[in-house]
Q: 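Would you mind keeping the following structure in view while I ask a few things?
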Amino acid sequence: MIPTLADDDPGREAYALLGTAWRSSTTRAVATGGSFDAVETEQRYAGQALERLRALGASRGAVSAEGDRWTFFIPLGSGRFAWPPSVTYISGPAVRLPPRSARGAGFSLRWISRGEPTGKFLTPPDELVTVLTEITPVPSPRHPCEARSGS
């Protein structure tokens with residue numbers, strides 16, 4: 001039991017996984033690979049994925065961003081899924097969490113979502129990998145003759 005949070009507090013899951021880092025007013029590095037993992041991808045794919053998850057009514061957790069790279073937090077062991085090539089799977093050593101109030105384009109490291117509206121920290125990987133696979137292009141193998149230029 002987490003004594004500082006009510007049983008119905010929507011941030012309960014995040015606080016259980018992150019402790020005080022969830023409510024910190026400063027940037028915090030938190031270890032991945034122990035209680036949760038993460039995936040990172042470009043804003044153009046992540047934004048579409050988040051919108052699609054919302055439209056589908058799918059469960060979604062917190063999403064942070066640094067520059068044009070967005071990070072979804074997922075359950076530990078989600079590396080067993082076949083993530084598309086545009087996604088970086090992170091299981092150790094750590095990711096940086098933005099300060100609690102860092103939102104909007106004025107912050108390089110910022111929150112896109114803190115798991116609204118449910119307060120969930122983790123996004124189910126099966127739903128996320130499906131959406132990301134649908135929207136990210138698969139690189140096609142180049143034929144050696146296509147690489148040539150000229151006459």
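The chain is numbered in sequence order, starting from 1.
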Q: State yes or no: do Leu76 and Tyr15 share one hydrophobic cluster built from I, L, V, M, F, W and Y residues joined by side-chain heavy-atom distances below 4.5 Å, directly or via other members?
A: no
Q: Would you check if Glu66 and Glu40 make a side-chain contact, meaning some heavy-atom pair closer than 4.5 Å?
A: no
Q: Nearest 0.5 Å, what's the CG-CD distance between Asp68 and Glu42?
A: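 The CD atom of Glu42 is 6.5 Å from CG of Asp68, to the nearest 0.5 Å.
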Q: Do Pro137 and Tyr45 have side chains that approach each other closer than 4.5 Å (heavy atoms only, starting at C-beta)?
A: yes
Q: Quick check for you: to the nearest 0.5 Å, what is the distance between Arg100 atom CZ and Thr27 atom OG1?
A: 15.0 Å
Q: What residues form a ring-ring contact (aromatic ring centres under 6.0 Å, His included) with Phe72, not counting sequence neighbours?
A: none
Q: Could you measure the distance from the CZ atom of Phe121 to the CZ atom of Arg60? Nearest 0.5 Å is fine.
A: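 Reported value, rounded in 0.5 Å steps: 15.5 Å.
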Q: Without swapping roles, check the side chain of Arg23 against the backbone of Ala21 for a donor-acceptor pair under 3.5 Å.
A: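 No; judged by distance alone, with no hydrogens or angles, the pair does not exist.
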Q: Rounded at 0.5 Å granularity, tell me how far OG1 in Thr130 sits from CG in Leu56.
A: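 Answer rounded to 0.5 Å: 10.0 Å.
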Q: Let's go through Asp37 and Thr32 carefully: what are the C-alpha distance in whole Å and the side-chain angles of both, what is the deciding distance for side-chain hydrogen bond (donor to acceptor under 3.5 Å, both in side chains) to 0.1 Å, and is it a yes or a no?
A: CA-CA 5 Å; Asp37 291 332; Thr32 56; 5.2 Å; no
Q: Indicate the atoms forming the closest heavy-atom contact of Gly67 with Arg110, along with that distance.
A: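 Heavy atoms only, the tightest pair is O-NH2, 3.1 Å.
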Q: Applying salt bridge (charged side-chain N to carboxylate O under 4.0 Å, His left out), run through Glu51 and Arg54 and close with a yes or a no.
A: CA-CA 5 Å; Glu51 286 305 315; Arg54 283 181 182 142; 2.7 Å; yes
Q: Going by salt bridge (Lys or Arg N to Asp or Glu O under 4.0 Å), name the residues that satisfy it together with Arg52, two or more places apart in sequence or in a different chain.
A: Glu134
Q: Looking only at heavy atoms, which two atoms of Pro125 and Phe81 are closest? And how far apart?
A: CG-CE1, 3.4 Å
Q: Where do Thr71 and Arg69 land on the side-chain contact (heavy atoms from CB on, under 4.5 Å) test, with the steps shown first?
A: CA-CA 7 Å; Thr71 302; Arg69 303 289 296 175; 5.9 Å; no
Q: List the steps and the verdict of side-chain contact (heavy atoms from CB on, under 4.5 Å) for Val39 and Ile74.
A: CA-CA 7 Å; Val39 291; Ile74 54 178; 3.5 Å; yes
Q: Please answer whether the main-chain N or O of Val129 pairs with a side-chain N or O of Thr133 as donor and acceptor at a distance below 3.5 Å.
A: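 Answer holds: yes.
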Q: Without swapping roles, check the side chain of Thr123 against the backbone of Gly61 for a donor-acceptor pair under 3.5 Å.
A: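 Checked: pair present.
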Q: Enumerate the ring pair (Phe, Tyr, Trp, His ring centres under 6.0 Å) contacts for residues 100-120, please, sequence neighbours excluded, ordered by first and then second residue.
A: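 As it turns out, the ring pair (Phe, Tyr, Trp, His ring centres under 6.0 Å) pairs with a partner in residues 100-120, which skip direct neighbours, are Trp22-Trp111.
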Q: If Ile, Leu, Val, Met, Phe, Trp and Tyr residues are connected whenever their side-chain heavy atoms lie under 4.5 Å apart, and connections chain through other members, are Leu122 and Ile90 in the same group?
A: yes
Q: Shared ILVMFWY cluster between Val87 and Ile112, side chains joined below 4.5 angstrom?
A: yes
Q: When you look at Phe73 and Val95, which way does the side-chain contact (heavy atoms from CB on, under 4.5 Å) test go after all the steps?
A: CA-CA 10 Å; Phe73 301 93; Val95 293; 3.8 Å; yes
Q: For the residue pair Ala65 and Trp70, what are the closest heavy atoms and their distance?
A: CB-CD1, 3.4 Å
Q: Do the side chain of Tyr89 and the main chain of Ser78 share a donor and acceptor less than 3.5 angstrom apart?
A: yes
Q: Enter the distance from Leu50:CG to Gln43:CD here, rounded to the nearest 0.5 Å.
A: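 If I round to the nearest 0.5 Å, the distance is 11.0 Å.
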Q: Hey, quick one: are Leu97 and Leu17 part of the same hydrophobic cluster, counting side-chain heavy atoms closer than 4.5 Å, chains of contacts allowed?
A: yes
Q: To the nearest 0.5 angstrom, please state how far the CG atom of Leu53 sits from the CG atom of Leu128.
A: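 Here the rounded value is 6.0 Å.
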Q: Same cluster or not: Trp83 versus Ile135, using hydrophobic residues (I, L, V, M, F, W, Y) connected whenever any side-chain heavy atoms lie under 4.5 Å apart?
A: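 Yes; tracing contacts between hydrophobic side chains, which count when under 4.5 Å, links both residues.
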Q: Going through the distances and angles, do Arg96 and Leu109 end up as a side-chain contact (heavy atoms from CB on, under 4.5 Å)?
A: CA-CA 8 Å; Arg96 291 177 359 122; Leu109 179 62; 3.5 Å; yes
